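Working notes, structure below.
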Number of protein chains: 2
Amino acid sequence: MLQLTRNGEYAVRAVLFLASRPPGRPVLITEISESQEVPKSYLSKIMQQLVHSGLVRSRRGINGGFTLARPAESITLKETIEAVEGPIHLNVCLIRKGECHRDDFCPVHPVWQEAQRRLSEVLDGKTMADLVRDGEAIQGRLKKSRRKR
Amino acid sequence: MLQLTRNGEYAVRAVLFLASRPPGRPVLITEISESQEVPKSYLSKIMQQLVHSGLVRSRRGINGGFTLARPAESITLKETIEAVEGPIHLNVCLIRKGECHRDDFCPVHPVWQEAQRRLSEVLDGKTMADLVRDGEAIQGRLKKSRRKR
DNA sequence: CCAAAATAGGACTAAAATCATCCGTAATGT
DNA sequence: ACATTACGGATGATTTTAGTCCTATTTTGG
């Protein structure tokens with residue numbers, strides 16, 4: 001459907017939430033689940049994938065939970081999405097050379113390449129640190145407009 | 001999966017094929033199906049959708065078939081895809097305002113807006129006439145390189 | 001050592017989307 | 001009338017999506 005799935009959406013919420021917390025202190029899955037409105041048992045699977053892909057670190061037992069495995073400045077939106085959705089390919093013909101045998105003569109193929117390049121540009125151009133900053137700016141504006149009322 | 005479905009892919013092939021034929025003379029679904037490698041019975045459904053959305057005109061009976069309903073210069077790639085896949089929304093939060101109640105404070109929302117804008121730019125910037133021209137250019141290059149061998 | 005606290009991971013499932021096929025109906029030109 | 005061609009509805013297999021649930025396994029505070 002050419003649309004992000006919940007997996008991707010939830011992964012972004014989770015990683016962004018971790019990025020917004022003081023680093024080092026593990027965050028419980030319950031806290032992520034409740035604050036980000038993601039079913040806990042489902043989120044559990046997503047967190048596992050994020051751990052496997054090396055974006056998030058986990059610790060079991062008391063004082064356990066999840067933290068970012070790397071600084072928020074180094075984690076992009078695209079990376080986070082691809083960690084749980086697999087590599088983004090807007091069309092099957094972009095999966096790899098030869099996947100679609102019409103590549104050689106198909107005039108649409110280069111258009112998809114360009115479209116994908118532009119999309120990647122946007123998603124790779126935003127780090128979790130950027131998004132935390134953006135979020136804080138939005139909060140600031142919301143507070144101001146509430147004061148005016 | 002953030003990927004075009006066969007519906008979209010097949011629709012593009014069909015419309016592009018019609019655009020490459022001399023306008024006015026109806027093309028049989030069998031010919032489209034075989035040349036574009038799309039199952040005929042499946043293609044039938046897609047052609048119906050293209051007719052309903054006003055991109056293609058159909059005629060039944062002898063000398064029937066399909067033609068473009070409008071000049072190829074006026075039909076974009078995006079239009080063709082959306083005719084069979086519905087409007088493109090890279091994320092559910094882009095479907096309409098209020099679809100995702102986190103819009104107001106979600107710092108990721110504007111990124112999706114931008115990503116979608118960029119994608120639309122590319123897909124809307126290519127008309128079927130453009131693609132036919134591109135295809136001919138590719139054919140030309142292929143012939144030349146074959147001659148060199 | 002042990003119990004409590006957490007995540008890990010496997011099995012399972014309902015619903016929807018995807019990718020089709022088949023067949024009777026309707027229209028159209030000769 | 002009749003051959004030809006698209007229309008439209010019903011049906012279905014397979015895959016993906018979006019979860020739930022339950023049992024392990026790890027960790028640590030007491």
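Just so it is clear, the structure is predicted and the values come from calculations on it, not from any experiment. Each chain gets a letter, A, B and so on, in the order the sequences are listed, and its residues count up from 1.
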Kindly point out which of D:dA6, D:dT17, C:dA20 is positioned nearest to the side chain of B:Met1?
-> D:dT17
Please tell me which of the listed nucleotides, D:dG19, D:dT26, C:dC19, lies nearest to the side chain of A:Arg60?
-> D:dT26
Between C:dA5 atom P and A:Phe66 atom CZ, what is the distance in whole Å?
-> 17 Å
Side chain of A:Asn63 only, please: which of D:dT28, C:dC22, D:dT17 is the nearest?
-> D:dT28
Below 4.0 Å: OP1/OP2 of D:dT5 and any side-chain N or O of B:Ser58 = no
Salt bridge present between B:Glu121 and B:Lys126 (N-O < 4.0 angstrom) | no
Between C:dG29, D:dT5, D:dC7, spot the one nearest the side chain of B:Leu28, thanks.
-> D:dT5
Measure from the side chain of B:Tyr10, starting at C-beta and using heavy atoms only, and say which of C:dA20, D:dC7, C:dG10 lies closest.
-> C:dA20
Quick one: label B:Met47 by what it contacts on the DNA or RNA (base, sugar-phosphate, nothing), any heavy atom closer than 4.0 Å.
-> nothing
Pick base, sugar-phosphate or nothing for A:Thr5, based on heavy-atom distances below 4.0 Å to the nucleic acid.
-> sugar-phosphate
Could you check whether A:Ser41 gets within reach of a base, just the sugar-phosphate, or nothing at all, counting any heavy atom under 4.0 Å?
-> base
Side-chain atoms of A:Val51 come closest, of C:dA8, D:dG29, D:dG8, to C:dA8
Side-chain heavy-atom pair B:Lys97, B:Asp104 within 4.5 angstrom cut-off = yes
A:Arg59 has an atom CZ; how far is it from atom C1' of C:dA8, in whole Å?
-> 16 Å
Between D:dA3, C:dA8, D:dA18, which one does the side chain of A:Tyr42 approach most closely?
-> D:dA18
With respect to the side chain of A:Arg6, which nucleotide from D:dA18, C:dG9, D:dA3 is positioned closest?
-> D:dA18
